[in-house]
There are 2 protein chains.
Amino acid sequence: MAERGRTKQATMRDVARLAGVSTATVSFAINNNPRVSPTLRARVMAAIEQTGYAPDAAARTLRRGVAPSLGLIISDITNPNFATIALAVERAAQARGYGVFICNTDEKLEDERNYLRLMRAQRVAGLLLATSGRDDAAHAARLAAEVAMPVVLIDRPMSGLDWDSVVTDNVGAAHAAVAHLVALGHRRIGYVGGLPHLVLADQRLEGYRRALAEGGIAFDPALVRQGNYRPHEAAASTRALLAGADRPSAIFGTNAITILGVMQGIAELGLAVPAEISVVGVDDVPWATVVRPGLTTVVQPSAEVGALAVEMLLDRIADPGRPPRHEVLPTNLVVRGSAAPLA
Amino acid sequence: MAERGRTKQATMRDVARLAGVSTATVSFAINNNPRVSPTLRARVMAAIEQTGYAPDAAARTLRRGVAPSLGLIISDITNPNFATIALAVERAAQARGYGVFICNTDEKLEDERNYLRLMRAQRVAGLLLATSGRDDAAHAARLAAEVAMPVVLIDRPMSGLDWDSVVTDNVGAAHAAVAHLVALGHRRIGYVGGLPHLVLADQRLEGYRRALAEGGIAFDPALVRQGNYRPHEAAASTRALLAGADRPSAIFGTNAITILGVMQGIAELGLAVPAEISVVGVDDVPWATVVRPGLTTVVQPSAEVGALAVEMLLDRIADPGRPPRHEVLPTNLVVRGSAAPLA
DNA sequence: ATGAAAGCGCTAACAC
DNA sequence: GTGTTAGCGCTTTCAT
């Protein structure tokens, strides 16, 4: 019974013929041009209804030079932070008539470059970009050359590029987490972070150092571990930190992936949280309330990042000359109990 | 310094002019048509390199009638099962030169319908669809009418539609989980499920009943709770199940979202797992190894579902007349300790 | 207030 | 082996 192939679509000419008007009139009617009289418009709309006509996006794109779609370039959609951003992006775009191409670079610069090319070929109206490149002049220059269209940087800032950006307050997030631990009396606080070459990493480390300094605690590089976005590696880092002689009494894990690894590492060692080790994480990890006591985390406003970024991108598309905006959204410390006063 | 607007792209005519050939030759060269000599092809390629030319997808789509892109229609990308599917889909599609439009329906049939329209307008080459509709004739008929292009059903089967499909063995998954509990001596086993109108739900309930029957245990409807895909509701169901007089000694949570709610509900009641209540879940939830003891789950091959679905969709696109394939991928019980022998 | 027609960039049938 | 050209479906200028 079911059709499995492609059904031929009605075109504007079919509609025009049926309504007894020209294709120009159909076009103007569709695009709400006031030049068509209400009577005619009604006739056109009826014909559209009857034929099941839907405008061909390709033809429209060819004519207008730009497609009704946006590109979302991230490293990995299974990262909950990116998934939440993606959901918000897609819903906001959909509401404004745009489709969203999703691109997972897996942190590979070459993949990112390929996607930029692909998005250019697709004539997408604009790009939401969480770049995997390091924050240096060379990468900035290459990006500027390769992007060549409206773009909003999301989640991961690039200091050398004066483009619109929407990021969370990374310094503030790390500061809040670590200050919380310091206030509880902790003085040796381990830091388990993600990819060290991202600005984001510098910023979170900066927040960590600042909170330590405010507590009169000397920075000890031996307590800092950074690595890739794999729980396994974060677990290994955690075990290493906790195996040392002068082991930390608390650990800060700087994102959803690393905090997962941190908790796994602690579980493997059989240590009790928070009795033997206090923990603070980042991100609204779904399982925060499943572990007992609940995981204290600094929550990023991922959905807001996505929604705001779409707004800003559409503004940029509408007016390429407007001055760039840089939005830094605040984070929120949610205290649940995985960090306790130092005994 | 940075360009914020759109840079004009080189067209095929620019390339042709520079190479001193016709646009036809450029086109044939690009599409690897053997009629262009190696020498000429090299000249064309050089010109392409020099101009930075990239084919305009819109023009190509208009001409060919179909875009180099696929639509992925799911309910919610933040569901880890869908996120993993989406990642695999996107990577597989990208490798074959296709972009992927991501569509989150939030389980709303109207949104699903709008997306079908949008995908049709975009002239996507095909669709990967996890429909939110119930498995009845009315929905099947409507889908058949609205889709009108190559499609592969993923994750959620529809019995009335003889389309290609890739799903996991839902009966087997539930059976494995519950049989595991029965083997441990449990006889009152709670069932906390998701959306009851999906075939998927029927199948998992079927697996549950079958495992009970094999253990000689009567089915008790009072032990079955189904609801939406929200952890909060699953937590409430769990508390209700455990508040009853003849409370279950074990609970089966049928997906990543509900098992999260189940664990939250248990945490709220302060019950010890598995000493006071045994638990088995579904899906490769990242936090399975964080809770102690680890969460025993039936793991779905989500990435395989996504990758295989892309393969099948491209096969379908290449040959619309081929007989439909129905793939049911096996699941895998991973025993970690959240289910223990009944004391 | 409406229609005719050019042209967006590409493909492929046809001509040489 | 290579060039010429019509036309995919739409938007929009220009003419009426």
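Below, chains carry the letters A, B, ... as their sequence lines are ordered, and counting in each starts from 1.
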Distance test, side-chain N/O of Asn33(B) to OP1/OP2 of dA12(C), below 4.0 Å |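 No, no such contact exists.
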Rounding to an integer number of Å, can you tell me how far [X] [atom1] sits from [N] [atom2]?
| X | N | atom1 | atom2 | result |
| --- | --- | --- | --- | --- |
| Met12(B) | dT11(C) | CE | P | 6 Å |
| Arg17(B) | dG9(C) | CZ | P | 11 Å |
| Arg13(B) | dT11(C) | CZ | P | 16 Å |
| Ile30(B) | dG9(C) | CD1 | C1' | 11 Å |
| Phe28(A) | dA15(D) | CZ | P | 15 Å |
| Arg63(A) | dT12(D) | CZ | C1' | 6 Å |
| Asn32(A) | dT12(D) | CG | C1' | 16 Å |

Check: Asp319(A) side chain, Arg316(A) main-chain N or O, donor-acceptor pair, under 3.5 Å =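 Checked: no pair found.
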Ser132(B) backbone acceptor or donor facing Glu112(B) side chain under 3.5 Å | yes
Taking atom types as modelled, find out whether Asp135(B) and His197(B) have a side-chain donor-acceptor pair closer than 3.5 angstrom.
->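 Result is no, nothing qualifies.
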Listed nucleotide nearest any side-chain atom of [X], set [options]:
| X | options | result |
| --- | --- | --- |
| Arg35(B) | dG3(D), dT11(C), dC10(D) | dG3(D) |
| Ala59(B) | dC10(C), dT2(D), dT12(D) | dC10(C) |
| Leu62(A) | dT11(D), dC8(C), dT4(D) | dC8(C) |
| Thr23(B) | dC10(D), dT11(C), dT2(C) | dT11(C) |
| Ala24(B) | dT4(D), dT2(D), dC10(D) | dT4(D) |
| Leu40(B) | dT2(D), dG9(D), dT11(C) | dT2(D) |
| Ser22(B) | dG3(C), dT11(C), dT4(D) | dT4(D) |
| Ser37(B) | dG1(D), dC10(D), dC8(D) | dG1(D) |

Determine the minimum heavy-atom distance between Ala303(A) and Ala88(A), stating which atoms define it.
->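 Minimum heavy-atom contact is O-CB, 3.3 Å.
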Arg120(B) and Asp56(A) ion-paired at < 4.0 Å | no
Name the residue closer to the 5' end of DNA chain D, choosing between Thr25(B) and Asn31(A) according to the nucleotide with the nearest heavy atom.
->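 First, find each residue's nearest nucleotide; the 5'-ward one identifies Thr25(B).
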